[in-house]
Amino acid sequence: MRKFATSDEVDFAIIGSGAAGGVLAKELSTAGFSVVVFEQGPYLREEDFQHNEFRTIFQHTLTNNPKRQPVTFRKTEQEKAKVQPTLLYGRVVGGGTVHFTTNYWRFHEIDFIERSKRGAVAGAALADWPITYADLEPYYTKVEWEIGVSGQTGVSPFDPPRSKPYPMPPLPIKSTGAIFERGARKMGWHPFPAPIAILSQNYGNRAGCVHCGYCEQYGCEMGAKSSTLATVIPEAERTGRCEIRAESYVHEIRTDAAGRATGVAYFDARKAGNFQKAKAVIVCANGVETPRLLLMSKSPLFPQGLANSSGLVGRHLMFNTYTLAYGQYEHPLNEYKSQTVTRVLQDFYELDSNLGFCGGGGLDMRFDMHPIAYSLWGLPPGAPRWGAEYKSEIQRNFTRTGIVACHGSSLPVATNSVSLDPEIVDEWGLPAARITYKDHPDDLKTGQYLLARAMELLDATPALRKWSDPVREQQFGVHLLGTCRMGNDPKTSVINSDHRAHDVPNLFLCDGSSLVTGGRGQPTMTIQALAYRAADRIVALAKRGELSAPARAS
Amino acid sequence: MNTADFSRRSFLLQSLAGAGSAWLAAAWPELLAAQQHAQHTMRSVAAGVPANLEFLTPAQAADVEAITSLIIPTTDTPGAREAGVVYFIDHFLRTIATEQQKPFADGLVLVDGKRKELFPASADCASLTTAQQTEILKVIENTPAFNLFRSFTMIGFLGNPEDGANRDMVGWKLVGFDNAPTHTPPFGYYDAEYTAEHADATKEGKK
């Protein structure tokens, strides 16, 4: 792999090697630019991924470690935040795409124009995107064909328009999919094969899925899961113009007297400080780490944090809404085999405003627990917790349980945010991320509505027993969205529709922080489509010689 | 996806006894050693050689074996005893779960205290009947200490054999988890039924 000296002024420093960073690295290096990608986590490869529940999940081998990088949480700005585990994100080369669930359905047209269609919502900062679904559609298609997504068109009546079919058929149905499909059809709903970022068959030089079952939360040793690690990152490296610099924790983006980014300061694997010069910087560090980095990059020109004249860096954090309903069945489902989701329905994507709240979502069915997790958390309330009866319960029901997962919208609320904790620091001495989050009442109503549908669906299946987790205000997020959102007005957004910071002409942001609305529960597909589009926009700006020019009024 | 719920709980596991941090985030080679140790110790015990404890005293180990054998008893199928859970926990505490050493030891003191209250004439937990031991556990079953015992038991019973847990895969065999490196469809009852129905429908459609 090509290595650059820190004194080489590379064309682009990209921070984060996940869904967006990987795509941008490949697109820009392919277009002829020199690129260094900074990843705070290690460079693990397929042979490092293990079929080991304890090591992978309980020891955080692929994700952030709350001991080394604590996070603080509070519900409102009036409270003092306390240290508690609040986030899960990918912290390896490939980012969250190494461990994610791979649900890859597209946003719908409504997601981009919800403000115009629904009007204002009290207590929320609902806004339209500066782009439409139609603008993004070619890039959704590009993701499906380049990254590798399996699925089937023509089944869901709620599918948004598309220009091409999927490149390969859906993965084989699992018992939860079969149960879900029958139950949903009895209710008059429209289940369809889940679009999944896993190869259902060999594709290019990558092998198809072997149904090993160590999928959600694990790395794929086959490269069949369409992580950026398995797809665009090796392609970027092969151009000879891209360096992946792992275990490199960027803590500041520096600027010059003209207010342009000059490069990135980072800690290397030995915690030594370094500075990489770059002509432009693209931040793809996820919806918490991107605003955190900007807030840590204060200077006399940017006293509120870099690119933060709007005061909105870190604001409008959205987690999406999740609720779960469980069913136990007579015969074994054996859900521990193969990948996670095979059927989804989107009948409730856009709920009628007559219901009295703004929101919507979808349902899928799965069972993503391995034996240890199941034995500790997968039994119904009131079940025995130890002894012979407990042993019988886990003996019978580990293979007989399914979970209907409801995923839905979160409204953008300005007081839900990422900020810097004034006291707590991480192992590197940097301020901890402080999360302030209280679900908008409409989000709780959306969760309750979807959960009620899930329980109806379970009733329409031969479940012997069903139960649900109560709908509660969230204190933990895995989808980190909205915190540096796109828009045409620099007063109400952080970046424009080219992903360019309104305040800094050679600074771009592209990841979950870019989203204006949070979608209905699965954002990574949209983040990646945005990344492909951002790459086109950035290349066009570069070719016109406008990358370092002062930002123009839109 | 329910990874959020799931991950939140795995973080809670780590703070069960109030340590509040990822004591589990130690190097996995130590875990591997813990489990190899458990395997070796189990073989020694089977051969009549005294067990090789690294952290627990013999008295503590006897109590831990009693407690874990109540959580997952030996019935018509193997339980925690056959899975070697006590030896897993012993090495685990000494190597990876060092921050849980004190809460764990305090939990054993709690158990022993209840034993003395309920059965003042007894010498130790191991000498009590199963019914008597069960009484003690019932008294403490809602305490953080018990949660810790239960979590360690399930990690030792259902973890990977190469990590020293789940000896001879007795835990996985109990719950029906087939750890083959790959699988082929159909996977379970309901998708097999679905696939057969759809194959039949296709055939009918061709008639």
Side-chain angles (χ1 to χ4, degrees), chain A residues 51-55 57-61 65-68 83 85 88 101 103 172-175 177-179 181 210-213 216-217 319 322 324 329 331-338 368-369 371-373 375-377 385-388 391 394-395 398-399 403 405 407 469 475-478, chain B residues 1-15 20-26 28 31 70-73 75 77 79 134 137 141 146 150-151 153-155 157-160 162-163 165 171-172 174-179 181-195:
Chain A
H51 287 188
N52 192 310
E53 178 185 5
F54 185 79
R55 291 183 208 170
I57 297 180
F58 292 85
Q59 290 192 293
H60 314 291
T61 46
N65 182 328
K67 186 165 184 170
R68 306 186 76 195
V83 174
L88 184 80
T101 312
N103 276 303
I173 196 167
K174 294 177 68 170
S175 280
I179 288 167
E181 184 170 298
V210 296
H211 311 290
C212 76
E216 182 189 330
Q217 300 204 289
F319 283 161
Y322 293 99
L324 302 176
Y329 293 86
H331 300 292
L333 285 66
N334 296 332
E335 290 291 305
Y336 66 85
K337 300 181 187 181
S338 194
D368 39 8
M369 292 181 145
I372 299 171
S375 73
L376 296 176
W377 306 310
R385 295 176 66 245
W386 55 283
K391 185 186 180 191
I394 64 172
Q395 177 178 20
F398 172 69
T399 53
I403 300 173
H407 42 265
D469 290 341
Q475 298 195 16
F476 195 96
V478 301
Chain B
M1 61 180 177
N2 72 339
T3 296
D5 203 55
F6 189 51
S7 302
R8 179 180 58 78
R9 285 157 156 174
S10 76
F11 287 121
L12 289 175
L13 170 66
Q14 294 152 34
S15 57
S21 290
W23 52 266
L24 293 163
W28 64 261
L31 176 60
L70 289 172
I71 293 171
I72 299 287
T75 54
T77 49
T134 301
L137 233 53
E141 68 183 347
F146 180 76
R150 192 177 95 105
S151 304
T153 302
M154 300 323 291
I155 294 167
F157 189 65
L158 293 169
N160 283 42
E162 71 267 21
D163 291 342
W172 287 350
L174 179 82
V175 300
F177 177 67
D178 171 6
N179 195 46
T182 67
H183 299 285
T184 50
F187 306 116
Y189 178 90
Y190 299 94
D191 61 286
E193 184 183 63
Y194 176 101
T195 303

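Heavy-atom basis, side chains included; hydrogens, waters and symmetry copies ignored. Lettering of chains follows the sequences in order, A, B, ..., and the numbering in each one begins at 1.
At least one donor-acceptor pair under 3.5 Å links the side chain of A:Tyr336 to the backbone N or O of B:Asp178. In terms of modelled atom types and a separation under 3.5 Å, the side chain of A:Lys391 and the main chain of B:Thr77 share a donor-acceptor contact. No donor-acceptor pair closer than 3.5 Å links the side chain of B:Asp191 to the backbone N or O of A:Lys174. B:Arg150 places a side-chain N or O within 3.5 Å of a backbone atom of A:Leu376 that can act as its donor or acceptor partner. Formation of a donor-acceptor pair under 3.5 Å by the B:Asn160 side chain with backbone atoms of A:His51 is found in this model.
Ring geometry, A:His211 versus B:Phe187: the interplanar angle falls from 30° to 60°, so the pair is classed tilted.
A:Ile394 contributes atom CD1, which lies 13.5 Å from atom CZ of B:Phe177 (distance to the nearest 0.5 angstrom). The OG atom of B:Ser151 lies 8.0 Å from the CZ atom of A:Phe58; values are rounded to the nearest 0.5 Å. Taken to the nearest 0.5 Å, the CD1 atom of A:Ile179 stands 10.5 Å off from the OH atom of B:Tyr189.
Most heavy-atom pairs under 4.5 Å with chain B: of the set A:Pro371, A:Ala178, A:Gly213, A:Ser375, this distinction falls to A:Pro371.
A:Ser175 and B:Gly188 get closest at one heavy-atom pair: OG-C, 3.5 Å. Across B:Pro181 and A:Cys212, no two heavy atoms sit closer than the pair O-CB, 3.0 Å. The two residues A:Ile173 and B:Thr195 make their nearest non-hydrogen contact at CG2-OG1, 4.2 Å. Closest approach of B:Met154 to A:Ile372, counting heavy atoms only: O-CG1, 4.0 Å.
Put simply, the side chain of A:Ser338 does not reach to within 4.5 Å of the side chain of B:His183, judged on heavy atoms. B:Leu137 has its side chain within reach of A:Trp386: a pair of non-hydrogen atoms, C-beta onward, lies under 4.5 Å apart.
Taking A:Glu181 as the reference, A:Arg185, A:Arg343 meet the salt bridge (charged side-chain N to carboxylate O under 4.0 Å, His left out) condition, with sequence neighbours excluded. Not counting sequence neighbours, the partners of B:Thr182 by the side-chain contact (heavy atoms from CB on, under 4.5 Å) test are A:Val210.
Inspection of the A:Lys337 and B:Thr184 side chains reveals no N or O donor paired with an N or O acceptor under 3.5 Å.
Interface remark: A:Arg385 contributes backbone and side-chain atoms alike to the contact with chain B (heavy atom separation under 4.5 Å). For chain B, no part of A:Phe319 is nearby; none of its heavy atoms comes within less than 4.5 Å.
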